[in-house]
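These notes concern the structure reproduced below.
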Amino acid sequence: MSTPYITNDRFRTLTAMPSVMVDRLEAMAPGWLAAKLTARSRWIDSRLAKRYATPFGTPVPEAVEDWLTRIVTLHAYIRHGVDQLDEQFQELKADATKAEDEIKEAAEATNGLFDLPLRADASGSAISKGAPYVYSERSPTLWTKIQARRGREERARGRGTDA
């Protein structure tokens, strides 16, 4: 069984959720918080695995702890029960979405915006393949002329070997 990046006690320290509510949530649904922390830890791993050395070792990067806390805080409030129209809840929801966006940004970043340990088999940029995928010419019809010329050359080469 895998372990989460932060424990319930560490979550209690880092979250914006009052400790009393965290305790009440644990009493209401024993083990739910640890399970959610584990599930979201693995989700973070799955998003970052192509670029970074996941699962992260000890000490866990602070950015990862912060992302995990912000995302699970939203889920914890929902599980505990909260008025979804509450302004504070709307801010927590936006903060969790921002944390998920930061994780996506870290996974796709080419310049290493977050200081996380790279995979051992990866290059410094963690990009294994990269090339321009767009090709353009001076005129919109030049490509047809080039393609026709290449086709004639291939045909000529084919005839030269058959004859």
Side-chain angles (χ1 to χ4, degrees), residues 1-137 140 143 147:
M1 181 174 164
S2 59
T3 58
Y5 284 128
I6 59 175
T7 63
N8 287 9
D9 289 336
R10 182 78 174 143
F11 176 79
R12 187 178 286 108
T13 302
L14 296 175
T15 187
M17 187 178 215
S19 296
V20 174
M21 287 181 80
V22 175
D23 294 337
R24 202 176 311 142
L25 176 62
E26 190 58 35
M28 262 177 32
W32 180 87
L33 183 58
K36 184 56 82 173
L37 288 168
T38 300
R40 294 314 266 178
S41 294
R42 298 303 69 86
W43 178 83
I44 291 171
D45 287 348
S46 70
R47 292 300 300 207
L48 300 177
K50 287 185 179 178
R51 179 171 171 80
Y52 300 105
T54 59
F56 297 103
T58 309
V60 176
E62 288 182 15
V64 174
E65 287 186 348
D66 182 54
W67 293 330
L68 181 58
T69 302
R70 290 160 54 197
I71 292 167
V72 173
T73 296
L74 176 68
H75 294 282
Y77 266 107
I78 292 169
R79 177 70 185 214
H80 183 275
V82 66
D83 179 9
Q84 303 235 349
L85 300 176
D86 183 8
E87 283 185 40
Q88 182 182 9
F89 179 75
Q90 295 304 319
E91 284 186 34
L92 289 169
K93 190 174 180 182
D95 192 41
T97 301
K98 185 178 176 195
E100 290 177 355
D101 291 343
E102 288 173 5
I103 292 168
K104 290 176 190 173
E105 183 181 6
E108 297 171 2
T110 57
N111 298 325
L113 301 175
F114 295 95
D115 189 18
L116 302 172
L118 287 174
R119 291 171 45 127
D121 62 345
S123 64
S125 70
I127 304 293
S128 62
K129 297 178 184 170
Y133 294 105
V134 177
Y135 175 75
S136 65
E137 291 292 346
W143 70 272
Q147 187 176 18

State, to 0.1 Å, how close [X] and [Y] come at their nearest heavy-atom pair, and which atoms those are.
| X | Y | value |
| --- | --- | --- |
| Ala29 | Arg79 | CB-NH2, 3.3 Å |
| Arg51 | Ala107 | CD-O, 4.0 Å |
| Arg12 | Ser19 | CG-OG, 3.3 Å |

Counting C-beta onward and ignoring hydrogens, is there a side-chain heavy-atom pair between [X] and [Y] closer than 4.5 Å?
| X | Y | answer |
| --- | --- | --- |
| Glu100 | Arg70 | no |
| Phe11 | Leu68 | no |
| Leu33 | Val72 | yes |
| Tyr77 | Gln88 | yes |

Between [X] (side chain) and [Y] (backbone), is there a donor-acceptor pair under 3.5 Å?
| X | Y | result |
| --- | --- | --- |
| Glu102 | Trp67 | no |
| Thr38 | Ala34 | yes |
| Arg42 | Thr3 | yes |

[atom1] of [X] to [atom2] of [Y]: how many Å apart, nearest 0.5 Å?
| X | Y | atom1 | atom2 | value |
| --- | --- | --- | --- | --- |
| Glu108 | Leu48 | CD | CG | 10.5 Å |
| Leu74 | Met17 | CG | CE | 10.0 Å |
| Met28 | His80 | CE | NE2 | 5.5 Å |
| Asp83 | Phe89 | CG | CZ | 9.0 Å |
| Ile71 | Ile103 | CD1 | CD1 | 4.0 Å |
| Glu65 | Ser41 | CD | OG | 10.0 Å |

*Hey, what's the ring geometry for Phe56 with Tyr5, parallel, tilted or perpendicular (30° and 60° as the breaks)?*
tilted

*Hey, mind stepping through Tyr52 and Asp45 against side chain to side chain contact (heavy atoms under 4.5 Å, CB included) and telling me if it holds?*
CA-CA 9 Å; Tyr52 300 105; Asp45 287 348; over 6 Å; no

_Pair Thr73-Thr15, side-chain donor/acceptor within less than 3.5 Å_ = yes

*For Glu62, does the CD atom sit with more than 12 other heavy atoms under 6.0 Å from it, leaving out its own atoms?*
no

